[in-house]
Amino acid sequence: MKLFKLILFSLLLSTSFAGNSQVKIPIIKNLNELDSAKVGTTHYWLEMGTNTYDLPMLVPIILIQGNESGPTLGLTAAIHGNELNGIAIIHRLAESIDPKLLKGRIIGIPGLNSVSVQSDERNFIDQEDLNRIFPGKKNGNSSNQYVYKITERVLPAFDIHIDFHTASFGRINSMYARADLSNDTLKILAKLQQPDIILNGKEASVGSTSARTMRAESTLKGTPTITVEYGNPQVYQEEMIQRGYNGIMNTLSWLQMYGTVDFQKLEDKATYCKKSYWIYMEEGGFLEVMVDLNQKLAKGEKIALVRNAFGEIIKEYVAPEDGIVIGKSTNPANMSGGRIIHLGILE
Ligand SMILES: [Zn+2]
């Protein structure tokens with residue numbers, strides 16, 4: 001009897017923890033290979049080229065395949081490898097959604113730039129920002145080939161796309177969405193995330209091939225796409241993760257894919273901004289930012305001061321116009337051109 005219990009216990013252990021079972025996960029080369037016949041949550045590795053040892057570079061894919069037909073909601077996190085809150089949002093969704101009650105499917109990618117997630121870096125291994133070089137190039141350099149594979153193997157699978165970000169190193173962000181508010185679907189998608197701030201903007205780079213983002217590329221493909229920024233880099237922030245999760249649940253309900261949210265009860269507390277820009281330091285020094293995230297500012301209000309190496313105040317900065325603080329620097333040590341605050345200008 002004891003032996004039986006021991007065997008049962010070890011069986012339980014081996015099924016409770018994934019451990020090396022990850023090696024059994026199927027490797028695919030394109031999201032069009034996902035099994036849409038099997039209702040449930042399935043894990044895949046998507047191959048995105050090979051590393052120095054000619055081993056595949058793999059990106060984790062969580063497919064939640066519903067019981068009935070419906071749209072595909074694509075969720076991408078960490079195209080910037082140090083932006084982790086979105087990874088936890090996708091993990092939380094995968095844990096909570098019952099595929100039998102889902103219409104359509106959710107494709108969650110918790111770590112699109114998996115190479116950089118592993119090395120705590122924002123940019124790709126060749127220091128390129130992957131989110132500025134879409135659609136990539138088939139025969140380009142390392143980052144261009146990687147982005148080309150995102151364009152070819154990932155984006156065509158999505159009917160609606162939400163791309164998760166955070167601030168960069170040395171900065172913090174409010175929770176804010178970027179969307180083209182002249183498009184009603186995108187406006188609703190942004191609202192459903194219940195962010196602090198909604199920043200209106202056509203992706204400036206749509207149509208040009210310089211500095212094109214993934215949002216712009218997806219938009220060009222005709223896929224309704226928004227970007228949401230959830231707080232700070234290289235951390236898990238419970239508030240951001242839960243708010244992000246709630247936003248996706250609202251989205252699923254609105255798309256009639258899952259759940260029934262009472263939209264009458266959803267308050268729109270977001271501040272709408274027509275544009276935004278960073279305020280940079282004119283000269284180097286030790287920066288003290290005196291305003292908080294989401295704080296509304298009046299023109300002329302003091303936002304920061306800068307001290308020299310000896311502690312003397314050498315410069316004070318004020319808001320150049322009325323606005324709201326979307327993001328701010330947390331790094332005191334700055335050369336000229338250091339970022340101070342990301343100022344949103346209200347509609
Ligand atoms: Zn980002």
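Nothing here was measured: the structure is a model prediction, and the numbers come from that model. The figures here come from the full heavy-atom set of this structure, side chains too, leaving out hydrogens, waters and symmetry mates. Just so you know, ligand 1 is whichever comes first in the structure, and atom 1 is the first atom listed for that ligand.
Between the Zn ion (ligand 1) and E229 there is no N/O/S contact shorter than 2.8 Å.
Residues passing the side chain to side chain donor-acceptor pair (under 3.5 Å) test with T260, sequence neighbours excluded: none.
The Zn ion (ligand 1) sits nearest to atom ND1 when only the N, O or S atoms of H80 are considered. The closest approach of E83 to the Zn ion (ligand 1), by N/O/S atoms, is made by OE1. The atom name of the N/O/S atom in H165 closest to the Zn ion (ligand 1) is ND1.
A donor-acceptor pair under 3.5 Å links the side-chain atoms of T151 to the main chain of P135, judged by distance alone.
In the model, T227 has no side-chain atom that pairs as donor or acceptor with a side-chain atom of H165 under 3.5 Å.
Residues A94 and I62 approach most closely at CB-CG2, 3.9 Å, considering heavy atoms.
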